[in-house]
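Written below as structure tokens is the structure these notes are about.
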Amino acid sequence: MIAEKPRAAAKIAEALEARNKINIDGVSVWIGKIREKDVVIAPTAGHLYTLHTNERGFPVFNYSWGPRWIYEKNSKHLEKFYKALKKLFPSAEYYVNACDYDVEGSVIGYNIISNLGDVGRAYRVKFSTLTREEISRAFSSLQPLDWSNIESGLARHILDWIWGINVSRALMSIYEKLFEERLILSAGRVQSPTLLELLRRYLERETFVPEPMFTVSVRVRYGDREYSVTNVFEPFKKLDSATELVKSLEEAGRLIIGNVEERVLDLEPPPPFNLTQLQLESARLFRLSPAETLKIAEELYLESLISYPRTNSEKIPPSIDNTRILKNLTSLPELGVYASELLRRKLLSPREGLNEDPAHPAIHPTGYMPTKNLGKEKAALYELIVRRYLASFYPSARVEEVIYTLEEPRAKCLFKLVGRKIVSQEWLKVYRYRKIDVIEVPTLRLGEELKISSVRLVKLYTHPPQLHTKASILKWMEASGIGTEATRAQIIETLFERRYVRGRRIAVTNLGLRVAHVLSTLFRDITEVELTREFERKLREIALGRVSRKEIIDEAISKLSNELEEVKKSLSSCRRSELKVRFGLSTGFQCSICGSDAVGREGGLTLCYPHLRAYQNLVKAYDVWKARNSIDFDDYVETLLKLYITGRFVKDVIKYLMNRVK
DNA sequence: GCAAGGTC
């Protein structure tokens, strides 16, 4: 019986009462009996086999499965699992794939059985949680191998491999020819659309030209206190409109309460974490990257303090004994009182989120107590997970708001003054990372007047979108449905390792710009999220038995081989400069500002893509500025240079233009 | 050397 990981093997052994634990060269294996027959439960550690090829260059469509520890770097740790299984297999009468019940688990077990044993003597078990009841039940009814999952899973591996390896190799060749530099480059179904999204955001931010807007800031006096009121209208585009409003408010000297609204808000507690939510929250609170969070969560898991972290689930299935966990948590310093309160009030069913995972429950504390000092970051993450779990059992918090609408009839503008208090804390007291702003305001009546103590004219600017962070790009990946819980953080790190991107606020490097440009010109499919959608459709068809794996792979090969041959032909027949023009990467000229390949002309300059876009935005926004606030071009660009929200490519253009005038 | 997906 093959388990997907050592801990799962231990759980299965426990449920099947296989108590004889032996050690095969560093791998723990359990032996027990089922109906008078010896059973052996042995673990792998995820995928033990990988696709590989001995061929160099591209196109390459000859691949086969081989042991990962041989073909992949940093996979030495898999050797012992491979050797232990290899030792055990010859003496088995039949084999059971007891890996997680999902497509990858089916592939992991299938590859091991087909390479080391015989799929004609193999079975599958289905269980969704590692609990004694469910494991015993699953093993009492062995199923035939789930061929549709296996076929669909194998196809996923192969499609990713032939696209990824071929486009990566082509990319390296093209890059070397165009830019005369040999670099390790990569492209893939998940990483390439992610790079393109980072680039979209980077260009939007760095070619941004702010536009001016105008509004007013009003303070009122009541009794001996002053209050700032909130504007219930959009800022004005014209300076005149704002000065007019200032004048009429000054003349009126007071605002009148035109409406009083009271409302009660019930705030539901958050559900327990899945990995994405944990990564986002930990980035927000502790500034940890998604990869760092996963690493720390992994350690907590291996120390038995929390459940399996690589999960998409926000649910705690009924098989998990919350009462036992809460009882254990009562001995935690500080947090124990909340566990006691939940037990006392019999609040024992948690709020759940919508996300599910076929293999694992939401992240929750196991109830085991930390035995040593965890260290700062690990302790903080553990506390976050425990507080989130505890919070999910509490009733909604209750917040009361009073909203006074203030008006000045002649000004035709509305303002508001909001008061807020927390009537019932409930989960807010344990999940202290969620803060509700408490605002004290006096009790006011309809028609009551408040004296205006100050009115100021305020100049505002439109703002660019912020550059992505590792957390926000992770969120984008999840929303776009690319990558998995276990891989997204790692794929983001790959983009950094390749030097396509850099910085905490993620900027795209020149290399990243070039790679994105080459890919979207020559291999557009791999830069779009739609490729994943297409894969998913095809894999579903395979799982439903409507098409064969071979048909789908052949289709991908024929499409790719046409594109790759085309690129190859161009590479061998063209000179470097011709090639750039031919691939739409250049006009044959250089950017007047930065010297990289120009893609267009504007105002007598030849410009690269970012500087061209910045130039166009600069010209377009000048019309807006002139219309709103009479200003000449020199003042316009000097103001822009001083603003931090002005994009860096825009500032490059301005500095270039200023130098040219000098 | 190159992917994405498991897990350590």
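Everything numeric here is computed off the predicted structure, so don't read it as measured data. First the proteins, then the strands, lettered A, B, ... as listed; each starts at 1. All values below come from the heavy atoms of this structure, side chains included, with hydrogens, waters and symmetry mates left out.
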Taking the side chain of [X] as heavy atoms from C-beta outward, which of [options] is closest to it?
X: R169(A); options: dC2(B), dC8(B), dT7(B); value: dC2(B)
X: A45(A); options: dG5(B), dC2(B), dC8(B); value: dC8(B)
X: M172(A); options: dA4(B), dC2(B), dT7(B); value: dC2(B)

Within the structure shown, what part of the strands sits under 4.0 Å from [X] by heavy-atom distance: base, sugar-phosphate, or nothing?
X: G483(A); result: sugar-phosphate
X: R189(A); result: sugar-phosphate
X: E4(A); result: sugar-phosphate
X: R498(A); result: sugar-phosphate
X: Y308(A); result: sugar-phosphate
X: G46(A); result: base
X: I184(A); result: sugar-phosphate
X: S186(A); result: sugar-phosphate
X: E72(A); result: base

Hey, is the side chain of R310(A) poking within less than 4.0 Å of OP1 or OP2 on dT7(B), counting only N and O atoms?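 So the side-chain polar atoms of R310(A) do come within 4.0 Å of the phosphate oxygens OP1 or OP2 of dT7(B), strictly under.
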
Hey, is the side chain of Q490(A) poking within less than 4.0 Å of OP1 or OP2 on dA4(B), counting only N and O atoms?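 Result: no.
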
Does I108(A) or H52(A) map to a spot on DNA chain B nearer the 5' end, using the closest nucleotide for each?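 In this pair, the answer is H52(A).
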
Earlier contact from the 5' end, DNA chain B, for L51(A) and Y301(A):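 So the residue in question is L51(A).
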
Would you find more than 12 non-hydrogen atoms of other residues, nucleotides or ligands less than 6.0 Å from R287(A) atom CZ?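 Result for CZ/R287(A): open.
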
Does a sphere of radius 6.0 Å around CZ in R546(A) hold more than 12 heavy atoms from other residues, nucleotides or ligands, not counting ones at 6.0 Å or beyond?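 Count not over threshold, so no.
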
Checking K177(A) side chain against L571(A) main chain: does a donor-acceptor pair fall under 3.5 Å?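 Answer holds: yes.
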
Ignoring hydrogens and angles, state whether a donor on the side chain of Y202(A) or R200(A) is under 3.5 Å from an acceptor on the partner side chain.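 Distance-only check fails for Y202(A) and R200(A).
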
Between the base of dA3(B) and the side chain of T50(A), is there a donor-acceptor distance below 3.5 Å?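 Yes.
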
